Amino acid sequence: MSATSPTLANLLHEQRRFDPPPELAANAIATASIYEEAARDRLAFWAAQAERLTWATPWEQVLDWSDAPFARWFVGGRLNAAVNCLDRHVAAGYGGKVAFYWEGEPGDTRVITYAELTAMVCQAANALTELGVTAGDRVMIYMPMIPETVVAMLACARIGAVHSVVFGGFSAEALAGRTNDAQARLIITADGGFRRGAAHALKPAVDDACAQCPQVDKVLVVRRTGQDIPWNDGRDIWWHDIVDRQPSTHEAQAFDAEHPLYIMYTSGTTAKPKGILHTTGGYLTGVTATHRMVFDLHEDTDLYWCGADIGWVTGHSYIVYGPLANRATSFMYEGTPDTPAKDRWWQMIEKYRVSILYTAPTTIRTFMKWGEEWPAKHDLSSLRVLGSVGEPINPEAWIWYRTHIGGNRCPIVDTWWQTETGSIMITPLPGVTSTKPGAAMRAFPGITVDVVDNDGNPVPNGSGGYLVITEPWPSMLRGIWGDPQRYIDTYWSRFPGKYFAGDGAKRDEDGDIWLLGRVDDVMNVSGHRISTTEVEHALVSHPKVAEAAVVGTHDPVTGQAIVAFVTVKGSVPADEAQGAAFAAELRAHVAKEIGPIAKPRDILITADLPKTRSGKIMRRLLRDIADHRELGDTTTLLDPGVVQQIAAQLAGSG
Ligand code: 6R9
């Protein structure tokens with residue numbers, strides 16, 4: 001079904017169970033009755049969750065599904081997302097409470113209270129207004145992991161502007177494509193950020209992107225590293241020049257529950273990323289409810305840390321909107337986990353007494369590779385709950401996480417969700433669920449999922465199939481920016497009336513759900529979604545490449561790794577050294593076109609690619625070759641010899 005399937009056999013034999021710690025269960029935010037409550041009346045359950053937010057105007061109807069699959073939640077309600085994350089807490093007397101403990105990679109620190117964050121966001125909102133940004137305008141954000149990134153997002157939300165954060169690891173090309181698709185006129189960036197012990201620049205990529213985005217007339221630049229950067233006087237403005245002189249109060253207007261909050265671009269099965277649109281009321285309801293219950297957040301005593309980058313949806317929902325709406329105190333870190341040493345994370349968990357940690361399997365596997373001696377040097381006894389997100393977590397990593405980070409004490413919540421779902425959909429609840437290593441277990445209360453066969457019929461327990469969501473949910477995407485038809489085609493057409501997630505899943509004998517990876521041409525590299533087509537397009541845009549086929553293969557650390565098969569125009573590299581140099585050139589080219597995360601791990605320069613008689617490249621075969629699997633049916637091949645040649649070449653390259 002996918003490159004992660006080799007682990008399926010192991011999963012089926014997984015018998016271990018881990019009950020919730022009694023003390024945690026006794027004080028848990030969510031108890032078993034929540035499932036019954038939600039099952040009795042799903043809409044009433046979500047309405048009760050929405051009540052926890054502060055609304056300027058109450059809604060008249062919980063859900064309007066009359067124009068399915070275009071949903072409207074909390075119809076008629078009005079609210080402001082930033083006010084829900086900030087002002088209301090200050091007004092309730094929590095202004096002095098810390099919102100973020102932040103640590104830069106070089107070791108510099110900041111402590112920001114709710115009152116301070118509110119003032120910063122008000123100033124930034126006033127600055128955006130001075131720059132002519134109004135409700136509905138799109139604003140790109142291309143930033144390192146610094147508090148100003150949160151401030152920029154909330155300032156947009158406060159004035160009803162739609163932010164679109166692009167991960168700082170993406171290239172100028174990627175930023176330009178997204179900026180043009182969103183038709184944004186303002187980009188907020190920084191001179192750079194600290195990673196791997198050095199200042200890396202961001203601003204030059206923005207300059208390159210702007211060369212392709214004529215509509216961008218202002219670039220707002222935060223000074224983080226102090227490095228020298230190119231400057232365009234008519235266009236560029238220092239954040240501190242315009243934001244610092246603004247009043248620190250701002251009268252926030254309430255927006256319709258369905259007012260667009262943000263666009264997050266994510267890879268689909270084609271080369272063009274999709275702009276996933278989220279709106280205000282339902283999204284905030286979903287992230288707030290899940291953040292509180294899935295992590296058992298006791299906001300006045302917990303210290304929560306989500307190790308994701310804000311440039312991914314996980315950062316949006318579980319660094320910014322969920323935690324702040326819940327009045328949580330969070331820790332936030334700028335840099336890489338091995339700077340200055342491989343125990344940086346554990347050292348910070350000990351120092352700040354972090355109690356909830358949320359990270360990705362690929363990160364856990366990297367820590368496993370580095371060795372348990374690094375966490376063992378530190379007191380991690382403050383930890384209470386551990387989360388995982390981004391890809392299926394293999395039982396080995398799950399057990400390692402529980403043993404070496406969680407001290408055999410902390411429950412692990414393996415949370416399945418997507419950019420499109422906005423918030424966690426399938427997960428254990430830490431005070432309720434008896435967990436199984438590697439299983440996401442069951443749908444969050446108020447969420448209805450199923451595993452279906454090719455015809456859309458639910459599979460019996462013990463069988464696998466396609467994961468679907470059967471009813472609309474508050475934080476669901478409201479569409480693809482500028483392309484309503486693609487929204488219908490991608491998600492609602494494969495199984496009419498059901499949301500098709502693109503993931504394979506299995507229900508075990510107890511009915512619990514195990515995720516099996518993507519069933520489409522989307523790869524998952526270190527928890528990042530990258531489409532095979534996207535990388536193929538980047539490769540063939542190199543003048544010397546004739547054709548390219550890209551597949552995802554199993555990788556022990558990154559989950560999947562990208563393998564590219566390439567045929568060249570003109571003469572092929574004469575020897576191994578030339579071949580290696582050419583492969584390096586192609587990898588750099590892909591990094592430039594998309595970003596370093598999309599660089600193929602292996603590039604094979606081949607004489608030809610296996611094709612069907614109708615000329616379709618047989619990626620399935622290439623995947624089998626890359627995974628060193630028994631080759632499937634080759635009878636439809638135009639030239640079966642090609643496969644043998646490629647397989648021999650791959651064996652030769654180690
Ligand atoms: C939040 C996020 C979504 C895809 C999704 C699936 C994979 C995420 C997972 C998981 C198994 C988990 N995925 N969490 N697979 N178990 N706990 O990652 O969003 O970047 O849009 O990726 O990631 O394949 O379809 P996004």
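Side-chain atoms are counted along with the backbone in the values below, which use heavy atoms only and exclude waters and symmetry mates. This one's a predicted model, so the numbers in the text were calculated from it and none came from an experiment. Counting starts at 1 for both ligands and their atoms, following the listed order.
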Quick one: side chain to side chain contact (heavy atoms under 4.5 Å, CB included) partners of Glu299, sequence neighbours excluded?
-> Lys97, Leu297, Arg327
So the atoms of ligand 1 within less than 4.0 Å of a heavy atom of Asp503 turn out to be 5 (C), 6 (C), 24 (O), 25 (O)
Below 3.5 angstrom, do we get any N/O pair linking Thr419 and ligand 1?
-> yes
Using the ring of each side chain (for Trp, its six-membered ring), is His528 parallel, tilted or perpendicular to Trp312, with breaks at 30° and 60°?
-> parallel
Residue and atom name of the nearest protein heavy atom (relative to atom 11 (C) of ligand 1), distance in Å to one decimal = Pro392 N, 3.1 Å
Using distance alone, determine whether Gly390 and ligand 1 share an N or O pair under 3.5 Å.
-> yes
Considering only heavy atoms, does Glu391 approach ligand 1 within less than 4.0 Å through its side chain, its backbone, both, or neither?
-> backbone
Between Tyr283 and Tyr262, how do the two ring planes meet: parallel, tilted or perpendicular, split at 30° and 60°?
-> perpendicular
If you have a sec, work out which protein heavy atom is nearest atom 2 (C) of ligand 1 and how many Å separate them, to one decimal?
-> Trp417 O, 3.7 Å
Ligand 1 to Glu420 polar contact by distance, N or O atoms, under 3.5 Å = no
Is the count of non-hydrogen atoms from other residues, nucleotides or ligands lying under 6.0 Å from Arg17 atom CZ greater than 12?
-> yes
Within-cut-off N or O pair, Arg529 and ligand 1, under 3.5 Å | yes
Near-ring test Trp417/Phe444, centroid separation under 6.0 angstrom = no
Results of side-chain hydrogen bond (donor to acceptor under 3.5 Å, both in side chains) for Asn408 - residues two or more places apart only | none
Centres of the Tyr265 and Phe170 rings: under 6.0 Å?
-> no
Within 4.0 Å of some non-hydrogen atom of Leu515, the atoms of ligand 1 are 11 (C), 16 (N)
Could you tell me whether Asn524 approaches ligand 1 through its side chain, its backbone, both or neither, with non-hydrogen atoms closer than 4.0 Å?
-> side chain
Would you mind listing which atoms of ligand 1 come within a distance below 4.0 Å of any non-hydrogen atom of Thr415?
-> 9 (C), 12 (C), 14 (N), 17 (N)
Is Lys436 paired with Asp508 through a side-chain N to carboxylate O contact shorter than 4.0 Å?
-> yes
Which bit of Thr314 is near ligand 1, meaning a heavy atom under 4.0 Å away: side chain, backbone, both or neither?
-> side chain
Does the ring center of Tyr358 lie less than 6.0 Å from the ring center of Trp305?
-> no
For ligand 1, is any non-hydrogen atom under 4.0 Å from Val313's backbone (N, CA, C, O), its side chain (CB onward), both, or neither?
-> side chain
